[in-house]
Amino acid sequence: MENLSKIRSELSGLKEKIQLACSVAQVGFWEYRKDSKKIILSDEACEIIGLEKQTELPLSRFLRMLFDIEQADIIYQKLKKNIKEFKDIDLVFSFTRLNDYRKTTIRVVTKNLSKSVDKNHIPGIIQDITEQERSKEQLKKAKDKAEEADLLKSAFLANMSHEIRTPLNAIVGFSRLLSNSTINDKQRQEYSEYIANSAGNLLNLIQDIVDVSKIEAGKIHIEKGTCFVNKTLSELKATFEKEKLNKNKNHIELKLKTYIADEHFAIKTDNFRFVQIFSNLLGNALKFIEKGSIEFGYIIPGKEYIQFYVKDTGIGIPLDKRELVFSRFGQIVNKKIKNPGGTGLGLSITKQLVEKLGGKIWYESELNKGTSFYFTLPYDKIEGEIPVKQSENIEFNIQKELNILAVEDDKLNMILLKDLLSAYTDKIKLDEAFNGREALQFLKEKYYDLIIMDVRMPEMDGYEATKYIREKFPEPLNNIPILGLSANAVKEEIEKGKLAGMNILLSKPVSPDALIAEILKLTGNRLDIQKKNKTIQTVENKIVNIDFFKQLFKNDKNRINKTINAYLKEIPLQLGNLSLLLKDKDFENIKITAHSMKSTFRYIGREDLSEIAKKIEINSAGIEPDEQMIAGKIKHLKEHWKLIEVELKNIVTT
């Protein structure tokens, strides 16, 4: 008896040690019974997978709980074949845990089946290798980034050496002359001007070379979306009216001509690159003109494409220099133009951007009379989409109270959504989740009439959450209508949303009327549209424009002020956070924060700052983020925010 008690004690101690080892190594045990086709999981295995303890389930059902039907059937057949043929099993699977929806990767192993005494009971282990796989993936990404960065570096250095010397020599040379005590004030001012111009040229050169390197490496970012042509061209005209003053060329007439009068005329293209192309062409025209005019605009010669142009009455291009126009580092020099600057890369970049967008570019020129550049883009007209400002008023006609789950990681966007809905009706109850995982937890407790789902969120994005709801949740939860919101609702994102199971995907900043209309449609309510021709007063202040909020909240001053106060609180935090993230080189979260701020600035009429935020987002997502460029853009946002903050505070107090 004493020996038996000792053996029991030793076994108990051994069991505790095994459990401790399994816990530390994150290993659990499983057993498959061939006669019942069921799998039995240990407590540790259940913990890894996210199930209740000591679970026994049919193998096929167990697999369908973890994976989609097609994947589960493939795994089932593979396991069944190995077990039947007594082959070893050593497989790696990734899935979403059933209790907390965390992404998990496991290794499933069994050995020596052919030597097993009991052929009916197949034992094995499950190991949680999530962290190991994450580390491997991070190492792979780091290796890929290093290799891609090496290619970009080679392309950069190959073109940089020669062109960088010209402005640098001027900076160094004239800086030395400035130290000469014998020069007069006029010379000193002239030398300072040369240095400033050369420094500007050097800065443009570096930016252009970066763009060329990205194009060569196939990393140029093209993101097609809605481009309001007339609105964008009007903004460019305003920008270059200021540029004329800066270059002492205010006597040059700048003319804009549009083919379609509708201010809401839009095509599908990359708005950022569209602006970059026009900026290069207008900047080039302004550089090589001393008198006369610059005209730009577009015509529509057919159904296939739209033709844009920039015409100037400048110096023209000599016959023997025309082959240099679109070549890299080619630069036209004319004695009539004092220090025109430029890097010789702008038109080369412009040509490649036009081609990336599916168009062609060419020019016509006559010496001493001027040059006309033309480029085409596919005429992908967008019907029915208009900017934020609208004159129609949509009214709810709700028969019952609606329960809506809003899933949005950005606090300001959540406040806007909540206030927008409450401005239209008091029959909506809104619950707030700040990522996909939180949304799934809400759905475990409550049924909703509608889910409004942002697509880009940390931990679990909108696509993953939608797919999980459609595949894993029981009826009727898996049939709740889902309305997706994206800052970039282009064709690819819309298709991705539909594949995941979203009913519709709308683009931010979303039109209040469009959002309300879709909510009514998806929840089975009637839509009443009343054209009351109420014109919203436009704020003439150039610093901010709160037309969007006036439309959104039907000129309710209390609601407008509440939202503005939220901006005054949150935007400084976001700007401060960007600086801290840059200090930590956390480019992933810089990208996420900048992505949110794009729509934030659009809502207050600052498209220019929205574009700055977009540039930060794109650069931080690149292979080798430019820390200096990002720091400069953050500084730019902070400086402009100081003026915006004063103006918003004035609006709240008036």
Indicate the atoms forming the closest heavy-atom contact of [X] with [Y], along with that distance.
X    : Y    : result
I604 : I644 : CD1-CG2, 3.9 Å
E408 : M414 : O-CE, 3.6 Å
F308 : L377 : CE1-CD1, 3.8 Å
I300 : I306 : CG1-CG1, 3.9 Å
K249 : L286 : NZ-O, 2.7 Å
A406 : L417 : CB-CD2, 3.7 Å

Ion pair check, [X] and [Y], cut-off under 4.0 Å:
X    : Y    : value
K614 : E617 : no
E645 : K642 : no
E611 : K615 : no

Exercise for review: Starting from the C-alpha separation in whole Å, work towards a yes-or-no answer on side chain to side chain contact (heavy atoms under 4.5 Å, CB included) for M502 and L483.
Suggested key: CA-CA 6 Å; M502 291 180 180; L483 187 157; over 6 Å; no
Revision key, fill the gap. OG1 (T232) and CD (E235) are apart, to the nearest 0.5 Å, by 5.5 Å
**Study point:** Spacing of L245 atom CG and N250 atom CG [to the nearest 0.5 Å]
**Key:** 4.5 Å
Any side-chain heavy atom of [X] within less than 4.5 Å of one from [Y]?
X    : Y    : answer
L236 : S279 : yes
L416 : Y567 : yes
S422 : I428 : no
L430 : L421 : yes
I289 : I315 : no

Would you say the side chains of [X] and [Y] form a donor-acceptor pair under 3.5 Å?
X    : Y    : value
K311 : T371 : no
Q276 : D270 : no
S596 : R456 : no

**Study point:** Trace of the ring pair (Phe, Tyr, Trp, His ring centres under 6.0 Å) decision for F265 with Y298
**Key:** CA-CA 12 Å; F265 170 57; Y298 64 94; 5.8 Å; yes
Point to revise | Centroid separation F278 to F373 less than 6.0 Å | key: no
Check your understanding: Does the separation of the ring centres of Y305 and Y379 fall below 6.0 angstrom?
Key -> no
